[in-house]
Number of protein chains: 2
Amino acid sequence: MSPLVKIRSERDQMSAVERRIADFVLENAQLLRDYSSQQLANALGISQSSVVKFTQKLGFKGYPDLKYSVGEAIARADNSDAPQLATASDGDAGGSTLWRRKSEAEEATRLINPPETLQAVAEAIALAGRSGKVFIIGLGEDDIYARNFALRLSLLGILTVHNFDTARMTANISVAGAGDVLLVFSEHGNHPALGKIARYFRERRGQVITVTRHTANPLRTLADLALVVSAHDELPYIQPLLYQSALQHLLDGLFVQLCEGGDDRHAQLLANLDRIQLMLEP
Amino acid sequence: MSPLVKIRSERDQMSAVERRIADFVLENAQLLRDYSSQQLANALGISQSSVVKFTQKLGFKGYPDLKYSVGEAIARADNSDAPQLATASDGDAGGSTLWRRKSEAEEATRLINPPETLQAVAEAIALAGRSGKVFIIGLGEDDIYARNFALRLSLLGILTVHNFDTARMTANISVAGAGDVLLVFSEHGNHPALGKIARYFRERRGQVITVTRHTANPLRTLADLALVVSAHDELPYIQPLLYQSALQHLLDGLFVQLCEGGDDRHAQLLANLDRIQLMLEP
DNA sequence: CAACCGAAGCATAAATTATTGACCGGCATT
DNA sequence: AATGCCGGTCAATAATTTATGCTTCGGTTG
């Protein structure tokens, strides 16, 4: 039970001095943090031993114990009241706001991608990893995330072909077949060349997975499986940050799912991580 | 700020004994309630004074202050995590946990980089953007973020030279001079070639900014300004995700600061964004 | 190799907390 | 009304806990 509730409930059966202590604690609980039993006694003009006896009567081990408990109680209470206040009066200009916006974008993105889809994508990639190839492409800023994800898949022992120009990718794809997977990253999903590549890949009976904004876009209509990202902001220099965070988060989730998908991919990953560690820190 | 997050974030630059204290506190935070500094010391087989000094180094008034703060943190966590546990078990297995871990890493990273440093870095880059060049290098996975940041600086109209191999970068740097800035990305900060480049750059009177893990590492000692990243997880496939999230968050914050730094960089950015938009969606 | 720096422990001072015993006033019993 | 009991309070002090000064030791720098 909260120490404050307990104090209040017993207040009526207390002696005069005890009641004064009780009142002080109830009204200035937050000050208690910086008060020793002696200081509290001074503040009330009573003896320190009275304070200690007071705490013991209430069932606490002693003064520090009461103090600690009151601290917990305040923390619990502050926790449900203060956040609204804190976010409203956030002095810390951009940093914390940015953080909140990113969280929102990430959460929104998590919500619009059904677990089944994620599961299906993970399985498709895993399958391609066992018996085929994974092709990955992204242009411009999208390339950065394509590159990153490609690297991670490689670490899992999945054969990955990464390109950042359409010509090479077209050439590479000519060896694709059933059981292979193409991952296309395109924020707006309306780059004609990517559309052509996706179509070509489908003709060769490969599975197309797109990662785009959550809009109706040409690329997405070509997909066997479509992952989507949600991120919006009025400020033009903020929006890309949100998009990238949300995208990254989506990919992170996918990656974790792959890692935890059993198999011996886990072991493979560890081995690869170790090997890389050695390479980078000679 | 949560004392536990703070402890975790500084864990890396602690001595052996301090790290043992940190680990104990992180893992047995609830037990702390019944431990005096002496008991804690006994439990770890170290001296009581080490415990007290540990708390003071972290910025607490003393051991009781730490204890009280940890108590608050636990109370807060118990209060909002229990409800979250319910949401976590509604199907979305790993996603929500991952999200929380990422948030923690981002928060810890925000805490260990003083606003002054961030400000100074932003100004250094802005200055170099007006009258000099910004060199950026990162190897392996670090390259991904180096590349991303380089792209963003370009959008702001800042002349940026990005490389992902040491040979080219060395060559490029030979034209560097005072007023230029070198940004080095290196998670562990102990790649000899990067150290050489940084030293060489300093000789040419340029300003070196490093971005590394929050550890004592050779590269960091060469920096005029050092940004640091905190991210930890036992799972080897999670930790990189956290590192990258935290790093990205740090860079996002920096970028926003640059965007909001006045000047006409803002206008420049808008123009560039438009132009790129046209290029990518013909 | 000397000088230095920081980390850790020991011893001890300082502080905080808990207990003891004395005193006082109210109140019931004689 | 006197006596004895009892809860409450406090000052003094014991016990515990925390903080600090000093020393040593291992590693680093010049």
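All chains are named by letter (A, B, ...) in the order of the sequence lines, taking the proteins before the strands, and each is independently numbered beginning at 1. FYI, side chains are in, hydrogens and waters are out, and symmetry mates aren't considered; it's all heavy atoms of this structure. Because the structure is a prediction, the values reported are computed rather than measured.
In this structure, the nucleotide among dA8(C), dT9(D), dT17(C) sitting nearest to the side chain of Glu18(B) is dA8(C). Listed nucleotides: dG9(C), dC10(D), dT20(D). Nearest to the side chain of Ile46(A): dC10(D). Of the candidates dT9(D), dT17(C), dT20(D), the closest approach to any side-chain atom of Lys53(A) belongs to dT9(D). The listed nucleotides are dT9(D), dA12(D), dT20(D); the one nearest the side chain of Val17(A) is dT9(D).
Note: CG (Leu32(B)) to P (dT17(D)) measures 14 Å, nearest angstrom. For the pair Leu66(A) CG and dT16(C) P, the interatomic distance rounds to 17 Å; values are reported in whole Å. Atom P of nucleotide dT17(D) and atom OH of Tyr68(A) are separated by 16 Å, given to the nearest angstrom. If you take CG of Asp65(A) and C1' of dA18(C), they are 13 Å apart, rounded to a whole angstrom. Lys67(A) places its NZ atom 15 Å from the P atom of dT17(D), with the value rounded to the nearest Å. Computed from coordinates, the Phe54(B) CZ to dT20(D) C1' distance equals 19 Å when rounded to whole Å. Atom CD1 of Ile21(A) and atom C1' of dG8(D) are 11 Å apart (whole Å). In this structure, the OH atom of Tyr63(A) is 10 Å from the C1' atom of dT16(C), given to the nearest Å.
Here the closest non-hydrogen pair linking Met169(B) and Ile136(B) is CE-O, 3.0 Å.
Residue Ser50(A) places at least one side-chain N or O under 4.0 Å from the OP1 or OP2 atom of dC10(D). Close to dT9(D), at under 4.0 Å from its OP1 or OP2, lies a side-chain N or O of Ser15(A).
Within the nucleic acid shown, Ser49(A) comes within 4.0 Å of at least one base atom, counting heavy atoms only. Counting non-hydrogen atoms under 4.0 angstrom, Gln48(A) reaches a base of the nucleic acid. Contacts of Lys57(B) with the nucleic acid, taken as non-hydrogen atoms under 4.0 Å apart, involve only primed sugar atoms and P, OP1 or OP2.
Exactly one of Thr109(B), Ile144(B), Asn148(B) qualifies for a side chain to side chain contact (heavy atoms under 4.5 Å, CB included) with Gln248(B). That residue is Asn148(B).
At least one donor-acceptor pair under 3.5 Å links the side chain of Asp142(B) to the backbone N or O of Glu187(B).
For Phe201(B) and Phe135(B), the ring centers are positioned less than 6.0 Å apart.
Atom-to-atom distance recorded for His162(B):NE2 and Asn172(B):CG is 11.0 Å, nearest 0.5 angstrom.
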